[in-house]
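Excluded from the calculations below are hydrogen atoms, water molecules and symmetry mates; all remaining heavy atoms, backbone and side chain alike, are included.
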Amino acid sequence: MFDLTGKTALVTGSTQGIGFAIASLLAEHGARVFISGAESLEKCKKASEKIPGSVPVRANLLIPEEIDRLYEQTGDVDILVLNASIQYKRKWDEFSLEEYDIQMNCNVKSSYLLMKKYVEGMKNKHWGRIVTIGSVNQHNQHPELSIYGVTKAAQMKMVQNFAPILAPFGITVNNVAPGAINTPRNQEALSNSEFKKKIESIIPCGYIGMPEDISPAVLLLCSDEGRYITGTDLNIDGGMSLSIK
């Protein structure tokens, strides 16, 4: 089951955290994976060294021309996992215009442009998998992540709109929404024991998740076994979204 031999995958934001866990699992199941990040090619190479057969590629998704260059490096892929995102924590009326634009451009605009760029190759093969990585914040009303939540809700709406259009071409489009996950982005906040206890108190399962709690669901959605799943929003949050009022 879950045999991805002969498939190619691009996972954005895959040098660490959830993206790295997804890339590792897809490679473990036979896919040739492109490891992508924005910071530096060296960081991409270091991550790629830990995943046999993977290929490092760098692209700043805030720049449309770099998305074109990314495609030139990878060519068509069978699997596109849109994991890269940017978030700023501010009160709703304290975001600068630049911070607003950066979050919208990375989390929404680049997702749209990447789908447009890679979907034609999937159509030609009559097989494709697109998975966006959302967030519990697309459902809740976090006092300091309002714009980030808006971008993730918009990304989910793209999934719902594009899934029925692409389904006749053998392409599925789905969203996975992680809850509180122990990633490098969250390590500083979770190092505060009181804050960690507060978060755990609203998670029915009672604990913070790990990147490896997210990747198996993405593997299912990227495989033949997930062929009948499209347009879905899968919460992987220990029940956290059920507790949010």
> Could I get the full list of side-chain contact (heavy atoms from CB on, under 4.5 Å) partners for Glu144, not counting sequence neighbours?
Lys89, His142
> Atom CD of Gln87 and atom CD1 of Ile147: how far apart are they, to the nearest 0.5 Å?
12.5 Å
> Quick one: does Asp76's side chain get under 4.5 Å of Met122's, heavy atoms only?
no
> If we ignore hydrogens and angles and just use 3.5 Å, is the side chain of Ser14 paired with the main-chain N or O of Ser36 as donor and acceptor?
yes
> Output the distance between atom CD1 (Ile229) and atom CZ (Arg227), rounded to the nearest 0.5 Å.
11.0 Å
> Take Leu61 and Glu66, measure what side chain to side chain contact (heavy atoms under 4.5 Å, CB included) needs, and give me the verdict at the end.
CA-CA 7 Å; Leu61 302 182; Glu66 291 213 9; over 6 Å; no
> Taking it one step at a time, do Glu225 and Ser223 satisfy side chain to side chain donor-acceptor pair (under 3.5 Å)?
CA-CA 5 Å; Glu225 286 77 7; Ser223 68; 3.2 Å; yes
> In terms of side-chain geometry, is the basic nitrogen of Lys197 or Glu200 positioned less than 4.0 Å from the acidic oxygen of its partner?
no
> Consider only side-chain heavy atoms of I, L, V, M, F, W and Y, link residues closer than 4.5 Å, and tell whether Leu113 and Met104 are in one cluster.
yes
> Output yes when a side-chain donor or acceptor of Asn186 lies under 3.5 Å from a complementary backbone atom of Ile181, and no otherwise.
yes
> Taking all non-hydrogen atoms of both residues into account, name the closest pair between Ile51 and Ser24 and its distance.
CD1-OG, 3.4 Å
> Out of curiosity, Asn182 CG to Ile208 CD1, how far, rounded to the nearest 0.5 Å?
7.5 Å
> Given Asp233 and Gln138, is the side chain to side chain donor-acceptor pair (under 3.5 Å) satisfied, shown in steps?
CA-CA 11 Å; Asp233 179 22; Gln138 72 195 44; 3.0 Å; yes
> Between Phe95 and Ser146, what is the shortest heavy-atom contact and its length?
CE1-OG, 3.6 Å
> May I ask you to test the Val218-Val11 pair for a side-chain heavy-atom distance under 4.5 Å?
no
> Any chance you could measure Ile102, atom CD1, to Ser96, atom OG, to the nearest 0.5 Å?
7.0 Å
> Would you say Met115 and Ile130 make side-chain contact, with heavy atoms under 4.5 Å?
yes
> Can you find a heavy atom in the side chain of Val159 that is under 4.5 Å from one in the side chain of Met156?
yes
> State, yes or no, whether a side-chain contact exists between Thr183 and Pro211 at a heavy-atom distance under 4.5 Å.
yes
> Between Asp237 and His139, does any side-chain donor sit less than 3.5 Å from a side-chain acceptor?
no
> In terms of heavy-atom contacts, does OH of Tyr88 have more than 12 from other residues, nucleotides or ligands at under 6.0 Å?
yes
> Where the side chain of Arg58 meets the backbone of Gly37, is there a donor-acceptor pair that is under 3.5 Å apart?
no
> Is there a donor-acceptor pair closer than 3.5 Å between any side-chain N or O of Thr230 and the backbone N or O of Val173?
yes
> With a 4.5 Å limit on heavy-atom distance, are the side chains of Leu26 and Val81 in contact?
yes
> Cluster question for you: counting only ILVMFWY and a side-chain heavy-atom cut-off of under 4.5 Å, with indirect links fine, are Val108 and Val176 together?
no
> Are Ile79 and Leu4 packed together at the side-chain level, in the sense that at least one heavy-atom pair is separated by less than 4.5 angstrom?
yes
> I need the full list of ring-ring contact (aromatic ring centres under 6.0 Å, His included) pairs touching residues 112-134, with sequence neighbours left out, sorted by first then second residue.
Tyr71-Tyr118
> Looking only at atom types and distance, does a side-chain atom of Asn174 sit under 3.5 Å from a main-chain N or O of Thr232, one as donor and one as acceptor?
yes
> Can you check whether Ile86's main-chain N or O pairs, donor with acceptor, with Asn107's side chain at less than 3.5 Å?
yes
> If the test is salt bridge (Lys or Arg N to Asp or Glu O under 4.0 Å), which one of Lys125, Arg32, Lys123, Arg129 qualifies with Asp78?
Lys125
> Are any non-hydrogen side-chain atoms of Asn235 and Val136 less than 4.5 angstrom apart?
no
> Closest heavy-atom contact between Cys106 and Ser85?
SG-CA, 3.8 Å
> Using the rule given for side chain to side chain donor-acceptor pair (under 3.5 Å), can you reason through Asn175 versus Thr132, listing the C-alpha separation, both sets of side-chain angles and the distance that settles it, and then say yes or no?
CA-CA 5 Å; Asn175 184 71; Thr132 60; 2.7 Å; yes
> How would you list all residue pairs meeting side-chain hydrogen bond (donor to acceptor under 3.5 Å, both in side chains) that involve residues 41-56, not counting sequence neighbours?
Gln16-Lys43, Glu39-Lys43, Ser48-Ser54
> Please check if the number of heavy atoms outside Lys157 that lie under 6.0 Å from its NZ is greater than 12.
no
> Under 3.5 Å, is there a donor-acceptor pair between the side chain of Asp213 and the main chain of Met210?
yes
> Would you say Phe20 and Leu219 are hydrophobically clustered, going by side-chain heavy atoms of ILVMFWY under 4.5 Å?
yes
> Taking the side chain from Lys7 and the backbone from Val33, do they hold a donor-acceptor pair closer than 3.5 Å?
no
> Atom OG of Ser110 and atom CG of Asn105: how far apart are they, to the nearest 0.5 Å?
8.0 Å
> Would Leu25 and Ile35 show up in the same hydrophobic cluster when neighbours are defined by side-chain heavy atoms closer than 4.5 Å?
yes
> Got a second to check how far Leu70's CG is from Asn60's CG, nearest 0.5 Å?
11.0 Å
> Membership question, hydrophobic clusters at under 4.5 Å side-chain separation (ILVMFWY): are Leu62 and Leu114 in the same one?
yes
> Are Ser215 and Glu28 close enough, and set up right, to give a side chain to side chain contact (heavy atoms under 4.5 Å, CB included), and what steps lead you there?
CA-CA 12 Å; Ser215 52; Glu28 183 181 323; over 6 Å; no
> With a sphere of 6.0 Å drawn around CD of Glu98, does it hold more than 12 non-hydrogen atoms of other residues, nucleotides or ligands?
no
> Answer yes or no: are there more than 12 heavy-atom neighbours, outside Glu188 itself, under 6.0 Å from its atom CD?
no
> Is there a donor-acceptor contact under 3.5 Å from the side chain of Thr12 to the main chain of Ala84?
yes
> Taking all non-hydrogen atoms of both residues, which atom of Leu41 and which atom of Pro56 are closest, and how far apart?
CD1-O, 4.2 Å
> We want to know whether Ser111 and Gln155 form a side-chain donor-acceptor pair, criterion being a heavy-atom distance below 3.5 angstrom.
yes
